[in-house]
Amino acid sequence: MKSNDCSNENKAPKIPLIVICSPTATGKTQLALDLAETAGGEILNADSLQVYRYMDIGTAKPGLDERNRVPHHLIDVVDPDEDYNAALYAQQARSIIDDLNRKKKPVFVVGGTGLYIRALLSGIIETPPVDENLRNYYRSLRDRRGREYLYGLLQHRDPQAALRINPNDSVRVIRALEVLDQSGESIVTLQLKHAFSDCPYEALKIGLSVERNVLKERIAARTAKMLEAGLIDEVQSLLARGYGENLKPLQSLGYKQVIDFLRGRCNREEAVHQINRDTWHYSKRQMTWFSADKTIDWFAPDQQETIKNRLKEFLSPKI
RNA sequence: GGGUCGGUAGCUCAGUCGGUAGAGCAUCGGACUGAAAAUCCGAGUGUCGGCAGUUCAAUUCUGCCCUGACCCA
């Protein structure tokens, strides 16, 4: 039912791509840097928050030295108050890949945002761009009359979509209503038609798996390092630039909790605890997402040599 | 030494007018097609502080003990 129809039926030659995807704090950045450097490739970010400017520490964005070692793409491409999403990402990423492929540069897609990677590799339904007014209208409808009301609306207008969406999941309920309003078609129709079959790439997917309690420790160490590196100052300067705390990217891991701390809604210790806990929850969601993808090859972080051989084997016939 | 209120799931606590219990959080599993570091769904868990008494039946009532907080000496 996952119908990832990316088999090789059509004969158009596929562009090779290396994808490094795994939960946070498993060592993707370092691995990508090593591999890309030796292969003479470039890195294409697949992290939904590293695209934002001024959000460096909390997103564990590669630093300047790392970006000097290997060229990086789709980092720092929008301001925190600009819209960004999976479709936009896929579109931009594909054009960068075309470019690099023309120059015969191996591309290393690196990041933990499963949806972005899927949208890049297999496409995403085509709909008109998100209409913020429309979205806000449905949001306020939800706030005023409740999720049940909104879901009732969907049941009435698009029963097919209502069947596939949980009544409480108002994010998806709203999206379905938007699509219906904007395109006149049910989101389900578009999804069934699309079926993730827009696959111009042949990807080698590499995942790094770290034992759970080790990962928990790495997450805690990472949080501590971020605070030491000045996460609180970074958040303060974002707020000072006039970016409101309700902006989507500021609702993310690390940022949200530091804002709570700065606003006096919790103390520092609680904020740290919540960052660690929420990051752990996030990494578990990532594990659920990535382990459903049976085409990922999993390695332990210390299997550098094995990974390099696998990569060599993947690249050799193509370049 | 006396008194008051507590001791129930890993944590915070609710509850049983006597028929062996439940929420939130944590934990575990899952979903995910233009918000995805978002959003949502599902599932455990217990010698109800200990011992004894009353009772067909006690976590619930009684007694003693242990233990925590506070108050009075």
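Every chain is numbered from 1, with letters handed out A, B, ... down the list of sequences.
Under the 3.5 Å distance criterion, with hydrogens and angles disregarded, a donor-acceptor pair is assigned to the side chains of A/Glu234 and A/Tyr255. With hydrogens and angles left out, the side-chain atoms of A/Thr113 and A/Asp47 include no donor and acceptor closer than 3.5 Å. For the residue pair A/His72 / A/Glu42, no side-chain donor-acceptor distance below 3.5 Å is found, with atom types taken as modelled. Under the 3.5 Å distance criterion, with hydrogens and angles disregarded, no donor-acceptor pair is assigned to the side chains of A/Glu132 and A/Tyr137.
For the segment residues 135-144 of chain A, residues with any heavy atom less than 4.0 angstrom from an atom of RNA chain B are, sorted by number, A/Arg135, A/Arg139. Contacts between residues 84-91 of chain A and RNA chain B, defined by a heavy-atom separation under 4.0 Å, are made by A/Tyr84, A/Asn85, A/Ala87.
Residue-level contact check: A/Tyr255 touches neither bases nor backbone, having no heavy atom under 4.0 Å from any strand. Residue contacts for A/Thr113: at a heavy-atom cut-off of 4.0 Å it reaches the sugar-phosphate backbone alone, with no base atom in range. Note on A/Gly58: a base of the nucleic acid sits closer than 4.0 angstrom, heavy atoms only. Note on A/Ile165: nothing from the nucleic acid sits closer than 4.0 angstrom, heavy atoms only. Heavy atoms of A/Thr59 sit under 4.0 angstrom from at least one base atom. Residue-level contact check: A/Arg285 touches the bases, meaning some heavy atom is under 4.0 Å from a base atom. No contact: A/Asp83 has no heavy atom under 4.0 Å from any strand.
Using C1' as the reference atom, B/G1 and B/G53 are 27 Å apart when rounded to the nearest Å. Comparing the C1' positions of B/G30 and B/G15 gives a spacing of 32 Å, expressed to the nearest Å. For B/U20 and B/U67, the C1' atoms lie 24 Å apart once the distance is rounded to whole Å. Remark: the separation of the P atoms in B/C48 and B/U59 is 7 Å, to the nearest Å. Rounded to the nearest Å, the gap between the C1' atom of B/C13 and that of B/G68 is 16 Å. Nucleotides B/G19 and B/C66 place their P atoms 30 Å apart, quoted to the nearest Å. Nucleotides B/U47 and B/G2, compared at atom C1', are 34 Å apart to the nearest Å.
The side chain of A/Lys256 lies closest to B/A38, out of B/A36, B/G34, B/A38. Checking B/C28, B/C25, B/U33 against every side-chain atom of A/Leu115, the shortest atom distance belongs to B/U33. Minimum atom distance to the side chain of A/Thr288 is reached by B/C32, of the listed B/G34, B/C32, B/U27. Picking from B/U39, B/U27, B/U33 the nucleotide with the shortest atom distance to the side chain of A/Phe196 gives B/U33. Between B/C41, B/G29, B/U39, one nucleotide has an atom nearer to the side chain of A/Lys284 than all others, and that is B/G29.
With respect to A/Glu66 and A/Arg69, no salt bridge is recorded, no charged nitrogen being found less than 4.0 Å from a carboxylate O. The existence of a salt bridge linking A/Asp99 and A/Lys105 is excluded, since no basic side-chain nitrogen approaches an acidic carboxylate oxygen closer than 4.0 Å. A salt bridge does not link A/Arg265 to A/Glu270: none of the charged side-chain nitrogens sits closer than 4.0 Å to a carboxylate oxygen. Using a 4.0 Å cut-off between charged side-chain N and carboxylate O, A/Asp79 and A/Arg241 make no salt bridge.
One atom, CG of A/Leu253, and another, P of B/A36, lie 12 Å apart when rounded to the nearest Å. Rounded to whole angstrom, the span from the NZ atom of A/Lys216 across to the C1' atom of B/U27 amounts to 8 Å. As rounded to whole Å, 9 Å separates atom C1' of B/A31 from atom CH2 of A/Trp289. What separates CD of A/Gln286 from P of B/C32 is a distance of 16 Å, to the nearest Å. The CZ atom of A/Arg175 sits 4 Å away from the P atom of B/G34 (whole-angstrom rounding). Straight-line distance from the NE2 atom of A/His281 to the C1' atom of B/C28: 10 Å, rounded to whole Å. Between the P atom of B/U27 and the CH2 atom of A/Trp280 lies a distance of 8 Å, rounded to the nearest Å. Taking atom CG on A/Asp278 and atom P on B/U39, their separation rounds to 10 Å, with Å as the unit.
Under a cut-off of 6.0 angstrom, the local environment of CD in A/Gln236 is crowded, with over 12 non-hydrogen atoms contributed by other residues, nucleotides or ligands. No more than 12 heavy atoms of other residues, nucleotides or ligands sit less than 6.0 Å from atom CD of A/Glu269.
Pairs engaging residues 212-232 of chain A under the salt bridge (charged side-chain N to carboxylate O under 4.0 Å, His left out) rule: none recorded [sequence neighbours left out].
In RNA chain B, consecutive stretches of 3 or more Watson-Crick or G-U wobble pairs with both distances under 3.5 Å are given as paired ranges: B:1-7 with B:66-72, B:10-13 with B:22-25, B:27-31 with B:39-43, B:49-53 with B:61-65.
Cluster note: A/Tyr282 groups with A/Leu253 through ILVMFWY side-chain heavy atoms spaced under 4.5 Å, whether in direct contact or through intervening members. Cluster note: A/Val214 groups with A/Val210, A/Leu215, A/Ile219, A/Trp280, A/Met287 through ILVMFWY side-chain heavy atoms spaced under 4.5 Å, whether in direct contact or through intervening members.
Below 30°, between 30° and 60°, or above 60°: for A/Tyr89 and A/Tyr116 the angle between ring planes is below 30°, a parallel geometry.
Projected onto RNA chain B by closest heavy-atom contact, A/Arg212 and A/Gln251 fall at different nucleotides, the more 5' of which corresponds to A/Arg212. Where A/Arg277 and A/Val130 meet RNA chain B, the nucleotide closest to each residue was compared, and A/Arg277 sits on the side nearer the 5' end.
Evaluation of atom-type donor-acceptor distances gives a pair under 3.5 Å for the side chain of A/Arg172 against the base of B/A36.
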